[in-house]
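The structure's right below; bear with me while I get my questions together.
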Amino acid sequence: MEIDEAVRGCSDRRLRTKYGNAVYVVQRAFALYPFEEIAFSFNGGKDSTVLLHLIRAGYYLYKKDSGDIAQMNAVKNCPLRTIYFESPCAFPEINSFTYETVSTYGLPLETIHSDFKSGLEGLLKEKPTKAIFIGTRIGDPNAVGQEQFSPSSPGWPPFMRVNPILDWSYRDVWSFLLTCKVKYCSLYDQGYTSIGSIHDTVPNALLSDSSTEKSFRPAYMLTDGRLERAGRTKKTNPKVEMNSVASNGMNITEGGQMVSRAASIIVVGDEILFGTTEDNLGAALCKKLHAIGWRVSHVAVVRNEIDSVAEEVERCKSVDDMVFIFGGLGPLHSDVSLAGVAKAFGVRLAPDEEFEDYLSQLMGNNYTGDRNEMAQLPEGITELLHHKTLPLPLIKCRNVIALGATNMVELDTEWDCLLDTQESGLMPTKPFVSKHLSTTVSDVQIAPVLAKLCLEFSDVYIGCHRISRAGPLVVNLTGKDNQRVDAAAEKLTSSFEGQFSQVDSCK
Ligand SMILES: Cc1cc2nc3c(=O)[nH]c(=O)nc-3n(C[C@H](O)[C@H](O)[C@H](O)COP(=O)(O)O)c2cc1C
Ligand SMILES: Nc1ncnc2c1ncn2[C@@H]1O[C@H](COP(=O)(O)OP(=O)(O)OP(=O)(O)O)[C@@H](O)[C@H]1O
Ligand SMILES: [Mg+2]
């Protein structure tokens with residue numbers, strides 16, 4: 001079978017893996033559903049062209065595996081029911097390619113002249129249809145939340161959507177089409193990278209050829225697959241969303257500067273909970289945040305477990321402006337932090353080509369394993385924060401930033417990069433001012449005075465700690481308004497004339 005031979009014989013390991021997974025899904029679909037109750041949704045687009053050839057290969061392998069040797073010669077093609085929703089707004093090139101292709105491959109075509117939903121209702125009424133192959137890929141607006149086998153949505157007629165190329169990237173699609181040397185719609189050679197209707201689709205401006213004004217380079221030359229839909233004028237891919245920063249009601253600006261922002265820190269590490277290692281990065285990050293006027297509301301240490309991470313992220317992301325997460329990043333079994341973040345946001349992990357490029361530049365082909373786990377990032381919510389001093393960009397999922405630092409030096413570097421990168425959202429706010437007052441007055445005497453002071457100065461943080469049970473008590477007054485901190489300190493010291501002395505820090 002020419003497709004199977006072309007891919008298995010090629011040197012592109014990633015393509016071979018993607019192909020293997022996709023034809024496996026195709027074969028399982030043939031094993032699960034009667035052949036006559038499966039349909040193939042084909043529209044002449046590049047993704048459905050890939051799918052066509054995967055279905056042909058998968059069908060061949062399915063027949064081969066089921067020992068149907070007698071039929072093997074006849075299984076050159078796969079006469080699967082094919083549905084095409086034809087629209088008067090389709091490009092003529094798409095129409096002609098669709099008709100030509102079904103004829104070349106002997107596909108029985110059912111053309112539908114209505115919208116998807118009512119067309120499918122009609123189809124299911126007419127003929128039992130249990131499963132439909134669709135060329136949906138991650139990054140398509142309708143792909144979020146889908147799996148390789150996803151039942152149709154509520155409100156839609158009941159069938160199984162089978163998405164064999166769900167995890168394929170733009171580049172995978174072109175590697176496949178070019179490796180297999182199969183025909184695709186001519187529009188893709190004229191700079192179209194994703195094709196909708198004639199009213200909302202133009203060639204992708206990123207492929208415009210500067211030497212000749214009106215010509216465009218072919219679609220396979222687009223290097224950044226995330227810009228595949230740049231030629232689609234109406235619907236855009238919401239993959240990279242604006243930061244959604246939780247409001248804590250304190251983010252008023254003063255002279256253009258944020259007054260207060262709050263962060264929480266999640267440290268992921270079983271070994272910290274076992275007591276075998278100590279976390280010092282969390283404490284260092286608290287200091288750094290404090291130094292730029294951010295309040296840290298919460299530091300948590302959680303297990304290397306998806307649910308533990310997800311629960312903590314879920315709690316923090318909605319109450320704090322920003323959440324920092326340390327540990328549990330990488331290819332090991334215990335590196336589940338990003339899976340936890342994805343779960344907290346209700347999305348799943350999906351391959352990110354750009355991140356994968358960074359990984360392969362850094363580590364060659366050794367990092368991947370067959371499924372490139374390290375390049376899987378939470379789908380639709382991830383932004384990469386680049387900085388020239390970082391070998392790998394930092395990962396930001398809405399208001400959660402994953403830090404890869406494992407020691408102080410690395411933390412210092414990552415921190416400087418975050419401050420230097422506007423997209424991080426880590427803006428310095430009005431700095432805190434603090435006064436530390438030490439006294440030997442007994443707790444019993446000081447308690448009612450401090451309680452009253454807290455009520456009167458609710459905008460000043462008033463905390464106390466002791467170095468030892470018998471030693472002096474240090475009262476810490478921290479706030480954003482110098483005068484208010486001074487006034488609170490004045491009030492406290494005047495209540496205990498001569499019994500307080502100011503110290504430089506908490507020590
Ligand atoms: C065979 C088929 C099945 C579909 N099933 C669903 C579905 O279950 N739920 C849904 O919301 N949309 C469904 N859709 C619609 C797609 O989500 C999407 O709107 C469609 O592919 C158009 O994409 P476009 O708007 O980018 O052209 C289906 C489309 C097709 C062709
Ligand atoms: N008009 C249609 N008729 C039949 N199937 C369709 C139609 N439109 C979309 N589909 C199904 O939905 C899938 C996803 O559509 P989409 O437009 O994203 O991909 P494509 O058309 O194959 O490629 P491209 O992204 O380049 O347009 C298709 O591969 C096909 O299975
Ligand atoms: Mg299309």
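Numbering of ligands and ligand atoms starts at 1, following listing order. FYI, side chains are in, hydrogens and waters are out, and symmetry mates aren't considered; it's all heavy atoms of this structure.
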Review point. Which ligand 2 atoms, with their elements, are less than 4.0 angstrom from a heavy-atom of E228?
Key: 25 (O)

Review point. Does ligand 2 have a heavy atom under 4.0 Å from the side chain of I134, from its backbone, from both, or from neither?
Key: both

Check your understanding: Which pair of non-hydrogen atoms, one from V162 and one from A29, has the smallest distance, and what is that distance?
Key -> CG1-CB, 4.3 Å

Practice item. Check whether any heavy atom of T193 sits under 4.0 Å from an atom of ligand 2. Key: yes

Check your understanding: Does the side chain to side chain donor-acceptor pair (under 3.5 Å) test come out yes or no for E410 and T406, once each step is laid out?
Key -> CA-CA 7 Å; E410 289 166 5; T406 55; 2.6 Å; yes

Exercise for review: Take W174 and Y188 through the test ring-ring contact (aromatic ring centres under 6.0 Å, His included) and record every step on the way to the result.
Suggested key: CA-CA 10 Å; W174 284 109; Y188 293 110; 5.7 Å; yes

Review point. Which ligand 2 atoms, with their elements, are less than 4.0 angstrom from a heavy-atom of G45?
Key: 20 (P), 21 (O), 22 (O), 23 (O)

**Study point:** Closest non-hydrogen atom pair between A39 and T129, with its separation
**Key:** CB-CG2, 4.2 Å

Study note, to complete from the structure: Near I134 (heavy-atom distance under 4.0 Å), the atoms of ligand 1 are 1 (C), 2 (C), 3 (C)

Check your understanding: Where is the tightest heavy-atom contact between S308 and E305, given as atom of each residue plus distance?
Key -> OG-OE1, 2.6 Å

Practice item. Enumerate the atoms of ligand 1 whose separation from the nearest heavy atom of S41 is less than 4.0 angstrom. Key: 1 (C), 31 (C)

**Study point:** Contact check: I195 vs ligand 2, nitrogen or oxygen atoms, below 3.5 angstrom
**Key:** yes

Practice item. Check each of F42, F40, F159, W156 against atom 14 (N) of ligand 1 and report the one with the nearest heavy atom. Key: W156

Practice item. Within a distance under 4.0 Å of any heavy atom of R232, pick out the atoms of ligand 1 and give their elements. Key: 26 (O), 27 (O)

Check your understanding: Quick one: does F40 get within less than 4.0 Å of ligand 2, heavy atoms only?
Key -> no

**Study point:** K117 touching ligand 1 at heavy-atom level, < 4.0 angstrom
**Key:** no

Check your understanding: Taking distance alone, with no angle check, do F85 and ligand 2 share an N/O pair under 3.5 Å?
Key -> yes

Review point. Out of N43, I132, D47, V173, who gets a non-hydrogen atom closest to atom 28 (C) of ligand 2?
Key: N43

Exercise for review: If the plane angle is over 60° it's perpendicular, under 30° parallel, otherwise tilted; pick one for F324 and W415.
Suggested key: tilted

Practice item. Please report the shortest heavy-atom distance between H386 and P393, naming the atom on each side. Key: CD2-CB, 3.9 Å

Practice item. Please test H298 against D320 for side chain to side chain donor-acceptor pair (under 3.5 Å), starting from the C-alpha separation and ending with a verdict. Key: CA-CA 9 Å; H298 181 75; D320 288 317; over 6 Å; no

Point to revise | Numbered atoms of ligand 2 (with element) below 4.0 Å of K46, judged on heavy atoms | key: 22 (O), 23 (O), 24 (P), 25 (O), 26 (O)

Review point. Do you know which of F42, F159, F30, F40 makes ring-ring contact (aromatic ring centres under 6.0 Å, His included) with F133?
Key: F30

Exercise for review: Using a 4.0 Å heavy-atom threshold (strictly under), name the region of L51 that reaches ligand 2: side chain, backbone, both or neither.
Suggested key: neither

Revision key, fill the gap. For I83, the ligand 2 atoms with a heavy-atom partner under 4.0 Å come out as 4 (C)

Study note, to complete from the structure: Closest non-hydrogen contact found for L124 with P158 is CD2-O, 3.1 Å

Practice item. May I ask whether Y188 places a heavy atom under 4.0 Å from ligand 2? Key: yes

**Study point:** Mode of T49 contact toward ligand 2 - side chain, backbone, both, neither (heavy atoms, under 4.0 Å)
**Key:** neither

Review point. Ligand 1 versus L120, non-hydrogen atoms closer than 4.0 Å: side chain, backbone, both, neither?
Key: side chain

Revision key, fill the gap. Note: ligand 1 atoms sitting under 4.0 Å from heavy atoms of S152 are 8 (O)

Review point. Quick check: does R229 get an N/O under 3.5 Å from an N/O on ligand 2?
Key: no

Review point. Are R229 and ligand 1 in contact, using a heavy-atom cut-off of under 4.0 Å?
Key: yes

Practice item. Would you check whether Y84 has a nitrogen or oxygen atom less than 3.5 angstrom from a nitrogen or oxygen atom of ligand 2? Key: no

Review point. Does atom CZ of F35 have more than 12 heavy-atom neighbours from other groups under 6.0 Å away?
Key: yes

Study note, to complete from the structure: Checking R56, K181, R8 against E2 for salt bridge (Lys or Arg N to Asp or Glu O under 4.0 Å), the one that qualifies is R56

Check your understanding: Using the ring of each side chain (for Trp, its six-membered ring), is Y19 parallel, tilted or perpendicular to F176, with breaks at 30° and 60°?
Key -> parallel

Point to revise | For the student: nearest non-hydrogen atoms of T382 and C397, plus distance | key: OG1-SG, 3.6 Å

